[in-house]
Each structure stands twice: as C-alpha cells, then as structure tokens.
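For reference, the structure is listed below as structure tokens.
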There are 2 protein chains.
Amino acid sequence: MRLTTKGRYAVTAMLDLAIHSDRGPISLADISQRQEISLSYLEQLFAKLRKNALVNSVRGPGGGYKLQRDSEAIFIAEIIDAVNESVDTTKCRGAGDCQGGETCLTHYLWEDLSEQIHGFLQNISLADLVARNEVKRIAENQDRKQSLVADDVDLKVLADGQIPATTL
Amino acid sequence: MRLTTKGRYAVTAMLDLAIHSDRGPISLADISQRQEISLSYLEQLFAKLRKNALVNSVRGPGGGYKLQRDSEAIFIAEIIDAVNESVDTTKCRGAGDCQGGETCLTHYLWEDLSEQIHGFLQNISLADLVARNEVKRIAENQDRKQSLVADDVDLKVLADGQIPATTL
DNA sequence: TAGATAACCAAGCAAAACAGTCAAGTATTG
DNA sequence: CAATACTTGACTGTTTTGCTTGGTTATCTA
C-alpha cells in the first residue's frame with residue numbers, strides 16, 4: 001500500500017467522474033481542465049484504471065470515460081492500488097530467508113499495519129466522498145449551521161478511528 | 001500524508017527500538033543488521049526522527065538511540081510525517097485561485113481523506129504494534145536463541161498471517 | 001464518404017524522491 | 001589518549017513522477 005500524489009491524482013479524477021456521472025461519458029480533456037492534471041498523464045492513469053475494471057471507455061466524438069460500477073461500489077483502495085500497481089517487495093518473503101527472525105518480526109508488523117490502512121481505505125467508497133461534497137456545497141450555498149452539524153458528524157466518524165476487528 | 005517505503009523503513013526501525021527498549025541505547029548498526037537497512041540510510045532517517053523529538057541519541061561507546069517517549073505515546077503518523085517532511089503542495093491553496101470552484105472541491109475532498117488516514121495512523125501507537133501477545137512471545141524466543149525447531153513453528157505462525165483480534 | 005473527435009499507444013525527458021555510499025568530523029567512555 | 005559510535009555533508013545511481021510529443025485507431029456526424 002503506497003500513498004503518493006499519483007494516487008491522489010487518480011482519486012481526484014475518479015471523483016470528478018463520479019460527480020459528473022449523470023452527463024454521460026466524460027472526456028479526459030474535461031477532467032484535465034477542471035482538475036488541472038495534464039491530459040497525457042490522465043491517459044496513463046486511465047489506462048491502468050481501465051485495466052483494473054474501474055472505468056469503461058467510449059471512443060469517438062462525445063466519448064470519454066464512465067465508471068464501470070456504481071460509485072457506491074468503487075473504493076478508494078482499489079483506485080490507489082490500480083495506479084500504483086503495488087508490487088509489495090518485502091525483503092523477507094516467506095519464512096526461509098530470515099535467520100535472526102527479527103527481520104520477519106517487524107516486517108510482519110508493518111505488513112499488518114499496511115493491511116489495516118488498506119482495509120480502512122477499502123471501506124470508503126467514491127459515493128461516500130461525493131456525498132460529502134454535496135453536503136459541503138449545499139452547506140456553503142445555504143446555511144452555516146448545517147455545515148457545522150455535518151462537520152461534527154464527519155469529525156466524529158474521523159475521531160472514531162477504530163480499526164474494525166474484522167480486518168485483522 | 002505520504003506512505004512510501006521510506007516511512008516503512010522508519011516505522012520498522014522505530015519498532016525495533018521499541019522492542020529492545022529494555023536494553024538501553026540501541027546502536028544503528030544493530031538495527032541495520034536486524035532490519036537489513038543500510039546504516040547510512042538509517043543515519044539520515046534518525047537525524048529526522050531526532051529533529052522531530054521522537055528519539056534521543058546517546059553518544060560514545062555503548063551509545064545509540066532511545067525512544068524519547070514511551071512507546072504508548074509515539075504514534076505511527078508522527079514517524080511517517082517526520083521522515084517525509086510533508087510539505088503538501090496543493091495546487092489551489094486558498095479559495096482565491098480556483099475560478100470554477102470544482103478544483104477546490106475535489107482538492108478539499110482529498111485533503112479531508114488525507115486527514116482521515118492521518119487520524120487513523122495517529123491512533124496507532126508503537127506499543128499497539130509491539131504489544132501483541134504472539135509477537136512478544138516470538139521476540140522473547142528469538143532473543144533466547146531457542147532451537148531451530150521452535151523458530152520454525154513460530155515462523156509458521158507468522159507466515160499464517162493470523163492476528164488475534166484482541167490486540168487492537 | 002470526409003472530417004472531427006477522443007480514446008489509445010509509445011518513446012522519451014526533466015525534475016524530484018529514493019536508497020545508499022563515502023569521508024571527515026565530534027562527543028563520550030574506558 | 002584511543003576506541004567507539006553518532007553527526008554531518010556531499011555525492012551517486014536508480015526509480016518514480018509528471019509531463020511532452022507524435023502518432024494510430026475507433027466512432028460519430030455533417
């Protein structure tokens with residue numbers, strides 16, 4: 001599980017796609033303009049997103065990309081994994097390599113932590129983020145009190161921070 | 001919030017420190033051997049960890065590094081932030097830059113997500129990772145340099161990837 | 001059918017980050 | 001004082017990022 005700006009770009013682009021999903025296929029040029037990501041870089045990212053069955057492409061005029069599943073069924077971890085092509089290179093693969101065992105020990109601990117992070121991001125869908133977006137926009141346009149309430153809810157969810165025992 | 005092998009190395013090294021905290025100062029050479037991280041790379045990492053008040057150094061013979069706080073009070077997010085020196089360069093800093101507003105929206109969403117990940121890792125302490133019964137037992141076994149057979153058994157448990165849900 | 005559109009593809013490139021080396025220091029202990 | 005062990009800084013090679021250029025295909029529309 002890596003987390004770099006590359007994954008950030010991918011998530012941002014996918015969010016843009018989710019937000020405008022009602023408009024039919026969205027061209028990369030549109031996303032490029034809105035999100036200020038270079039077109040060719042988007043092309044590279046979407047090639048990977050497509051290979052990982054996250055988006056569908058429609059060629060020709062009026063074409064573009066669509067989410068392959070509902071935004072409720074696409075999770076952040078998938079997107080990040082898709083563009084990072086995570087080839088997790090743990091030095092000590094398998095039990096045979098480590099004589100001292102200590103290497104295995106902390107490696108294992110890290111792997112575990114990495115899995116937890118992954119599980120965490122696997123529980124956040126694009127729809128979750130879009131829903132927030134709309135809450136935020138509505139709040140900005142209309143009432144401040146609503147915004148505060150929504151923020152409170154979010155923060156509570158955040159502060160919870162509990163790792164679901166199921167992931168372990 | 002970035003998450004790369006660099007942060008992984010740092011967390012691994014800090015874990016090693018936490019595990020052997022009862023032995024007094026731990027030299028980087030020891031960590032280097034156990035965790036298979038180059039000494040000079042460790043030096044760079046620990047320079048940053050020291051600047052961020054996560055470790056203390058003891059110079060001279062028998063010297064090394066110690067955790068500056070209890071392992072219960074050192075959180076994964078701190079370690080990763082320390083070595084990554086996160087200067088998050090969001091393109092649209094402040095609201096003024098974005099005409100369409102959409103850029104701001106998704107940037108905001110990402111920031112929010114990033115904060116969530118950060119908050120998540122801020123809730124996991126070094127002690128949390130170390131204080132798993134099995135792991136602790138394995139560590140003790142390794143320290144005592146028990147028979148190879150025992151090691152094999154332990155390693156098999158490790159490779160299994162099962163963690164008792166009770167730990168977190 | 002011609003042409004516009006936009007996905008697809010490949011090669012390459014500059015800058016940054018990563019991972020590590022090397023060498024000359026400085027502080028501490030025995 | 002000498003050995004140990006951290007400190008500092010400069011330097012190097014590799015990989016990843018983010019992007020450019022220059023195409024080719026597929027598809028829609030006039």
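Every chain is numbered from 1, with letters handed out A, B, ... down the list of sequences. Side-chain atoms are counted along with the backbone in the values below, which use heavy atoms only and exclude waters and symmetry mates. Computed from a prediction, not measured in an experiment: that's the story for all the values here.
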Show the distances under 3.5 angstrom between N or O atoms of the protein and N or O atoms of nucleotides 3-10 of chain C.
{"from": "C:dA6", "atom 1": "O4'", "to": "A:Gly60", "atom 2": "O", "distance (Å)": "3.4"}
{"from": "C:dA7", "atom 1": "OP1", "to": "A:Leu28", "atom 2": "N", "distance (Å)": "3.0"}
{"from": "C:dA7", "atom 1": "O3'", "to": "A:Ser57", "atom 2": "OG", "distance (Å)": "3.4"}
{"from": "C:dA7", "atom 1": "N3", "to": "A:Arg59", "atom 2": "NH2", "distance (Å)": "3.4"}
{"from": "C:dC8", "atom 1": "OP1", "to": "A:Arg50", "atom 2": "NE", "distance (Å)": "3.1"}
{"from": "C:dC8", "atom 1": "OP1", "to": "A:Ser57", "atom 2": "OG", "distance (Å)": "2.5"}
{"from": "C:dC8", "atom 1": "OP2", "to": "A:Tyr65", "atom 2": "OH", "distance (Å)": "2.2"}
{"from": "C:dC8", "atom 1": "N4", "to": "A:Glu43", "atom 2": "OE2", "distance (Å)": "3.0"}
{"from": "C:dC9", "atom 1": "N4", "to": "A:Glu43", "atom 2": "OE1", "distance (Å)": "3.1"}

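Distance, B:Asn56 CG to C:dA27 P: 17 Å, rounded to whole Å. Between A:Glu36 atom CD and D:dG18 atom P there is a gap of 15 Å when expressed in whole angstrom units. The interatomic distance linking B:Asn84 (CG) with C:dA17 (P) rounds to 10 Å, in whole Å. Atom CG in A:Leu42 sits roughly 12 Å away from atom P in D:dG18 (whole-Å rounding). Computed from coordinates, the B:Ile31 CD1 to D:dA5 C1' distance equals 13 Å when rounded to whole Å. Distance A:Gln35 CD to D:dG18 C1': 16 Å, rounded to the nearest Å. Rounded to whole angstrom, the span from the CG atom of A:Leu45 across to the C1' atom of D:dG18 amounts to 9 Å. When the P atom of D:dT16 is taken as reference, atom CG of B:Leu3 falls 16 Å away, rounded to whole Å.
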(request) Quick one: do A:Leu42 and A:Gln35 satisfy side chain to side chain contact (heavy atoms under 4.5 Å, CB included)? Show the steps, please. (result) CA-CA 10 Å; A:Leu42 279 175; A:Gln35 308 306 333; over 6 Å; no
(request) Take B:Leu126 and B:Leu17 through the side chain to side chain contact (heavy atoms under 4.5 Å, CB included) test and state the conclusion after the steps. (result) CA-CA 10 Å; B:Leu126 275 183; B:Leu17 222 56; over 6 Å; no
(message) As a quick check of understanding, evaluate side chain to side chain contact (heavy atoms under 4.5 Å, CB included) for B:Arg50 and B:Gln68, giving each step before the final call.
(response) CA-CA 9 Å; B:Arg50 191 167 144 273; B:Gln68 204 168 99; 5.8 Å; no
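Which of D:dT16, D:dC19, C:dA19 sits closest to the side chain of B:Thr5 comes down to C:dA19.
The salt bridge (Lys or Arg N to Asp or Glu O under 4.0 Å) analysis of residues 51-69 of chain A, with sequence neighbours excluded, yields the pairs A:Arg69-A:Glu78. For the ring-ring contact (aromatic ring centres under 6.0 Å, His included) condition, the pairs that include at least one residue of residues 21-54 of chain B, sequence neighbours left out, are B:Tyr9-B:Tyr41, B:Phe46-B:Tyr65.
Taking only side-chain nitrogens and oxygens, A:Tyr41 comes nearer than 4.0 Å to OP1 or OP2 of D:dG18.
For the side chain to side chain contact (heavy atoms under 4.5 Å, CB included) with B:Ile79, the lone residue among B:Asn84, B:Leu49, B:Asn52 that qualifies is B:Leu49.
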